[in-house]
Peer 1: 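Take this structure first; my questions come after.
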Amino acid sequence: MNTPICTFLENYARQYPVRLHMPGHKGSENTCDITEVPGADVLYASDGIIRESENNAAALFGTARTVYSAEGSSLSIRATLYLLMRYARQKGEAPRILAARNAHRVFVTTAALLDIDVDWIFPQDESYLACTVSPERLEALICECRPTAVYITSPDYLGNIADIAALSAVCRKHGVLLAVDNAHGAYLRFLPEPLHPMQNGADICCDSAHKTLPVLTGGAYLHIAETAPAFFANEAEKAMGIFASTSPSYLILQSLDRANALLADGFSATLGESVCALDALKARLRTHGFTLVGGEALKLTIAPKDFGYTGEELYSILAQNNIVCEFADPDLLVKMFSPVYDAQSFRRLEKKLCSLERKAPIAARPPVLAKTELAMNPHDALFSGAVDLPSAQCAGKILAAATVSCPPAVPVVCCGERITEDAVAALQYYKIDTLNVVR
């Protein structure tokens, strides 16, 4: 597969031009770091090398349109909500989205910015980072709230994968669109049996290429399915451009372009080797006594309290041995693996985990998140006069903006909701010590 962006950048650098254009380093930091010089095309108004590369990606992912993001899935999520809002208004409806509660904070803030009503699907006896949604439960909720679209995060941060095919069938039955935050699952397209949303009935989704593919941080996609309204593919660039920087990184675009060639040339076999090795490692860890969570092929999530450790303790032990994991909280430890098998990393992790002395199980369990009630329009709350207060002082107040860090970037309370005593206890459990609340 050709790589038009890479070819252009390499040719431009080879000419040793006098660079009287941005960026200010004039090529001294990286000769392929350029701005929109003639021939380089324009991201979100593309008709040259960028569009050609995006079309290559669309062919790989089986989409009607794929648009690049140099600003991660966050940009693609914003564009998704904009397109859903426009779609609802074209139908003469107020935009309403039925969303699983473990949505990324960018979903929450963008819905508030665009004044989109959100009906939440809350977790049932599971971590706030997970939200299992059965087809039966989804159908009942669709009939209850009549949304424009359903929004699901899959895979979630812990590695749980929703049955997108079954959920999309329910959505089609009721004439509702399905949007998926697939930020952690770009590689799912290349499994022997693809689990990618675009092959399983979703209308629109985001992928963070940089999370699970060999792409620089910030490289992502917005995918539009063949089944989606034609308006989505036609307006996708405009939607991205509304929220995007006008100075995209050509290094990231080059990385996305180069990835196309890698994905087209034996990547599935390379991925398969890594998946098989991780499956074997998971089996050995279970035999050793560790409790694992989630079914995602390239993610290993341990619930270590049964083994006598908190997730944070286990993170610290591994970090002291120069093994740095993705995320930890009191209950869980998340590790993300590369689609390219690295035998040494597997051995080092297994050796350290299996050398740990098993201790008495830790009985303490995370708080069950009670449903919070909306007390103020989220748009108004986000733009209200607000103040930062210790979370211990916030019971009864209304949240103005989510202050949860990334990772995991999943809010415990959302803007416009009243903070209950139970919510305060949950926030303190997850060490969220300061909240931005309406004055």
Side-chain angles (χ1 to χ4, degrees), residues 102 125-130 132 154-161 183-188 190-193 195 210-214 267-366 405-408 410 429-431:
N102 60 335
D125 298 323
E126 53 192 335
S127 166
Y128 77 109
L129 298 174
T132 303
S154 175
D156 65 26
Y157 213 88
L158 306 181
N160 299 299
I161 299 180
H184 285 250
Y187 75 96
L188 296 176
F190 306 96
L191 293 173
E193 295 184 13
L195 293 175
H210 69 90
K211 284 184 169 67
T212 61
L213 298 179
F267 180 77
S268 292
T270 301
L271 171 63
E273 183 182 8
S274 194
V275 169
C276 287
L278 185 53
D279 282 345
L281 174 59
K282 289 177 179 178
R284 292 193 295 273
L285 291 177
R286 288 190 183 98
T287 299
H288 191 71
F290 285 105
T291 300
L292 307 187
V293 174
E296 190 191 327
L298 286 183
K299 193 170 283 174
L300 171 57
T301 301
I302 298 178
K305 283 186 171 178
D306 292 340
F307 205 77
Y309 299 82
T310 67
E312 293 154 334
E313 285 174 334
L314 205 53
Y315 183 102
S316 178
I317 290 168
L318 292 174
Q320 290 168 14
N321 288 268
N322 211 24
I323 301 171
V324 185
C325 299
E326 169 68 17
F327 170 75
D329 69 11
D331 305 282
L332 300 159
L333 179 69
V334 178
K335 294 159 286 299
M336 295 176 66
F337 287 78
S338 167
V340 179
Y341 175 47
D342 178 357
Q344 182 182 13
S345 295
F346 278 62
R347 286 195 298 269
R348 286 179 61 189
L349 176 64
E350 181 178 2
K351 181 179 179 181
K352 186 57 194 177
L353 287 175
C354 292
S355 71
L356 296 176
E357 176 189 359
R358 186 164 191 168
K359 300 190 295 187
I362 298 173
R365 288 296 179 256
S405 63
C406 183
V410 176
Y429 180 84
Y430 291 113
K431 299 179 174 59

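Throughout, numbering of the chain's residues begins at 1 and tracks the sequence. Computed over heavy atoms, backbone and side chain alike; hydrogens, waters and symmetry mates excluded.
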Peer 1: Is it true that atom NZ of K351 has more than 12 heavy atoms of other residues, nucleotides or ligands lying nearer than 6.0 Å?
Peer 2: no

Peer 1: What is the minimum heavy-atom distance between K335 and C325, and which atoms define it?
Peer 2: CG-SG, 3.4 Å

Peer 1: Check the pair D331 / Y429 against side-chain contact (heavy atoms from CB on, under 4.5 Å), numbers first and verdict last.
Peer 2: CA-CA 10 Å; D331 305 282; Y429 180 84; 2.8 Å; yes

Peer 1: Quick check: does any side chain N or O of S268 sit under 3.5 Å from a backbone N or O of F190, one acting as donor and the other as acceptor?
Peer 2: yes

Peer 1: Going by the rule salt bridge (Lys or Arg N to Asp or Glu O under 4.0 Å), which residues pair with K431 if we only count those two or more places apart in sequence or in a different chain?
Peer 2: E312

Peer 1: Return the set of residues passing salt bridge (Lys or Arg N to Asp or Glu O under 4.0 Å) with D306 (not counting sequence neighbours), or none when no residue passes.
Peer 2: R365

Peer 1: Quick one: which residue pairs count as a side-chain hydrogen bond (donor to acceptor under 3.5 Å, both in side chains) with a foot in residues 269-283, not counting sequence neighbours?
Peer 2: none

Peer 1: Which atom pair, heavy atoms only, marks the closest approach of G311 to A328?
Peer 2: O-CB, 3.5 Å

Peer 1: Just verifying a value: how many Å separate T291 OG1 and L285 CG, rounded to the nearest 0.5 Å?
Peer 2: 11.0 Å

Peer 1: To the nearest 0.5 angstrom, please state how far the OH atom of Y187 sits from the CZ atom of F337.
Peer 2: 11.5 Å

Peer 1: K352: which residues meet the side chain to side chain donor-acceptor pair (under 3.5 Å) condition with it, sequence neighbours left out?
Peer 2: none

Peer 1: Looking at OG of S127 and CG of D156, how far apart are the two atoms once the value is rounded to the nearest 0.5 Å?
Peer 2: 8.0 Å

Peer 1: Show every donor-acceptor pair shorter than 3.5 Å between a side-chain atom in residues 317-324 and any protein atom, with sequence neighbours excluded, or say none if there are none.
Peer 2:
from : atom 1 : to   : atom 2 : distance (Å)
Q320 : NE2    : S316 : OG     : 3.3
N321 : ND2    : I317 : O      : 2.9

Peer 1: Should the ring pair Y128 and Y430 be called parallel, tilted or perpendicular, given that the plane angle runs from 0 to 90° and is split at 30 and 60?
Peer 2: tilted

Peer 1: Kindly compute the distance separating CG (L188) from CD (E193), expressed to the nearest 0.5 Å.
Peer 2: 12.5 Å

Peer 1: Please give me the minimum heavy-atom distance between G289 and F307, naming the atom from each residue.
Peer 2: O-CD1, 3.7 Å

Peer 1: By the definition side-chain contact (heavy atoms from CB on, under 4.5 Å), identify the one residue from L300, I302, T301 that meets it with V293.
Peer 2: T301

Peer 1: Taking side chain as C-beta onward, heavy atoms only, is L314 less than 4.5 Å from L353?
Peer 2: yes

Peer 1: Measure the CD-CG distance between E296 and N160 for me, rounded to the nearest 0.5 Å.
Peer 2: 9.0 Å

Peer 1: Of the non-hydrogen atoms in A297 and L278, which two are nearest, and what is the gap between them?
Peer 2: O-CD2, 3.0 Å

Peer 1: Can you list every pair that meets salt bridge (charged side-chain N to carboxylate O under 4.0 Å, His left out) and has a residue in residues 338-350, with sequence neighbours left out?
Peer 2: R284-E350

Peer 1: So, for Y309 and E357, which heavy atoms are closest and what is the spacing to 0.1 Å?
Peer 2: OH-O, 2.6 Å

Peer 1: Within this structure, what is the CG-CZ distance for the pair L333 and F327, rounded to the nearest 0.5 Å?
Peer 2: 9.5 Å

Peer 1: Go through the steps for L129 and V334 under the test side-chain contact (heavy atoms from CB on, under 4.5 Å), then give the verdict.
Peer 2: CA-CA 12 Å; L129 298 174; V334 178; over 6 Å; no

